[in-house]
Amino acid sequence: MKSAVETLNPTRVRLTVEVPFEELKDSLDAAYKKINQQVTVKGFRKGKIPARVIDQRFGRGAVLEEAVNDALPKFYTEAVNEAEVNPLGQPEVDITELKDGELLAFTAEVDVRPAIEIPDYSGIEVEVDAVEVTDEDIEKSVEQLRERFASTNPVERAAAEGDVVTLDLTAKVDGEVLPDGVADGVSYTIGSGELLDGIDAAVTGLEAGGEATFTSQLKGGSAAGKDAEVTVKVTAVAARELPELDDEFAQMASEFDTLDELKADSRKRLENMKQFDQATQAQERVLEKFLELAEIPVPEKLLEDEVNTRKHNLEHHQLGQMGLSLEKYLELQGKTVEEFEAETKEQAVKGIKTQFLLDELVSKEELNVGQDELTEHLFRRAASSGMSPDQFAQAVVQGGQVPMLVGEVARGKALAVVVEAAKVVDTNGEVVDLSDDEDEVEAAAETVEAVTGEAEVAEEK
């Protein structure tokens, strides 16, 4: 077999392949055997029809077509390996010559990973928010905990903001009660904003037994996004009572003996959360600068596929679970279709460039993924998917996605290398040291995942 490669542009090549006919022998034998099992010729046992009879009865062309279809993937793979290119997706194959007994010639055009020069990232500088926990932050945190331990007592008066009311709800659209439009015994805290728009005004001032009707746009269910006439009946009113902020509350709500110890723990937890947010912010901003330094062409077909994948995931997974259509989602977001298309394309371009650049850095720095790192990543992905680690691991193996997980961790390690080389300062002018963060690689992997999205740039040979 002879092959040659022609670069059409930085992200696409054409392979030209010539195969001597004798190299098709195994595929021809397989073609005759396959046709033998599929056809019946009077006077011959099934599977024992001579090749010359098959040629006469069904045509040599049918045999050649079967043989070529069988052989093409193998010859294409050999040509790819010989040319040392990294194809993306499936090739467009064109058989240019097929001479029976002499020659098979074909071309294969395919997108490839572009050659990328890793830029000098040692001079990257970014600014991030300072880690500051105020007394107000502490008070808010303790107050949220206090809210969780609030008690309710029935009262015989009109409902007011902050009260917990028990409601019966009926929703109608165009005068018809919806199949899923009736709910009884719903507990709701007035002012929480957790139910329908307009319900706070409707129930405020009503005593037990009182009713009101209002119009509201449904957020979910069979008529999500439509305006409904909602009738609400208050069956009970209860006042919320918050516990006193003292040492007794601290003992009830936590493992601490005093309120001061509880507040000190809240401060520590908030600092840890803000440090994590700061590290994520640093990774995102360093990645932005890193991408700006590099020249990374993006294959058009790959970009088209990535855009379509992102749209599909949004429309059929995320929005589908919320009971929203894409049109309703855009309306709620205040975006036009054109703005959504442009935004999705921009995100897809950034995701592809991020993967290309970090994969190149993985190769250049010879970054390897250890079993412990892969296991930790698998546990986190399992937790975010709502599956047990064993279930998730089984699904990953069955789906052939282990290389994908390895790639995610490797890119996280690559980004961590860039972040460690960068200068990160906070808004107070203080240098931020992220090198001591034990979870830096895993956090960086999360940052990369958020940018690259669920679709993986697949290499196929």
Side-chain angles (χ1 to χ4, degrees), residues 128 131 141 148 254-255 265-266 268-287 290 306 309-310 312-314 316-318 320-322 347 350-352 354-363 365-420 424 432-459:
V128 295
V131 173
S141 174
R148 287 166 49 193
S254 71
E255 70 270 30
D265 180 69
S266 295
K268 184 178 180 181
R269 284 189 297 102
L270 288 172
E271 285 177 347
N272 289 338
M273 289 171 57
K274 292 199 173 189
Q275 284 172 348
F276 179 84
D277 291 342
Q278 184 190 65
T280 300
Q281 191 179 64
Q283 291 159 357
E284 291 171 348
R285 293 182 178 179
V286 167
L287 178 58
F290 191 32
E306 176 69 2
T309 297
R310 287 174 180 258
H312 178 85
N313 289 339
L314 173 66
H316 298 282
H317 293 237
Q318 300 165 19
Q321 293 174 355
M322 297 164 61
Q347 292 170 346
K350 183 178 180 181
I352 293 171
T354 295
Q355 189 166 328
F356 281 169
L357 184 57
L358 293 181
D359 282 350
E360 188 67 26
L361 187 58
V362 167
S363 177
E365 297 293 335
E366 298 181 350
L367 301 176
N368 297 312
V369 175
Q371 185 61 49
D372 290 345
E373 293 170 319
L374 183 58
T375 300
E376 181 183 351
H377 186 63
L378 186 147
F379 270 78
R380 185 187 63 76
R381 287 291 302 270
S384 64
S385 70
M387 301 169 68
S388 72
D390 286 345
Q391 289 174 324
F392 186 78
Q394 185 176 6
V396 166
V397 172
Q398 290 178 346
Q401 294 181 312
V402 173
M404 183 188 75
L405 288 189
V406 172
E408 290 173 351
V409 180
R411 289 178 208 118
K413 295 184 78 168
L415 178 56
V417 168
V418 181
V419 172
E420 286 182 14
V424 181
V432 178
D433 184 8
L434 301 172
S435 61
D436 293 333
D437 187 351
E438 295 180 359
D439 298 322
E440 182 186 8
V441 170
E442 190 57 32
E446 288 188 47
T447 299
V448 174
E449 285 172 50
V451 174
T452 57
E454 296 179 12
E456 189 78 4
V457 177
E459 290 190 8

Candidates Thr280, Val131, Leu270 - the one meeting side chain to side chain contact (heavy atoms under 4.5 Å, CB included) with Gln275: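 That would be Val131.
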
Over 12 foreign heavy atoms within 6.0 Å of CD, Gln394: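 Not buried by this count: 12 neighbours or fewer within 6.0 Å.
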
Considering all heavy atoms of both residues, which atom of [X] and which atom of [Y] are nearest to each other, and what is their separation?
X      : Y      : result
Ala444 : Gly412 : CB-O, 3.3 Å
Ala445 : Glu408 : CB-O, 3.8 Å
Leu378 : Ala393 : CD1-CB, 3.9 Å
Val406 : Val369 : O-CG2, 3.6 Å
Arg269 : Ser141 : NH2-OG, 3.8 Å
Val409 : Glu373 : CG1-CB, 4.1 Å

CA sep, side-chain torsions, deciding dist, call: Glu449, His377, side chain to side chain contact (heavy atoms under 4.5 Å, CB included): CA-CA 12 Å; Glu449 285 172 50; His377 186 63; 3.0 Å; yes

[atom1]-[atom2] distance between [X] and [Y], expressed to the nearest 0.5 angstrom:
X      : Y      : atom1 : atom2 : result
Leu287 : Lys350 : CG    : NZ    : 6.0 Å
Met404 : Arg381 : CE    : CZ    : 5.0 Å
Lys274 : Gln281 : NZ    : CD    : 11.5 Å
Gln278 : Glu271 : CD    : CD    : 11.5 Å
Asp277 : Met273 : CG    : CE    : 6.5 Å
Leu415 : Thr354 : CG    : OG1   : 9.0 Å

[Y] backbone acceptor or donor facing [X] side chain under 3.5 Å:
X      : Y      : value
Lys413 : Val362 : no
Thr447 : Ala443 : yes
Ser363 : Glu360 : no

Given side chains that start at C-beta, do those of [X] and [Y] come closer than 4.5 Å, heavy atoms only?
X      : Y      : value
Gln371 : Thr375 : yes
Asn272 : Phe276 : no
Glu420 : Leu434 : no

SB check Glu376 Arg380 (cutoff 4.0 Å):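 A salt bridge is absent here (no side-chain N lies under 4.0 Å from a carboxylate O).
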
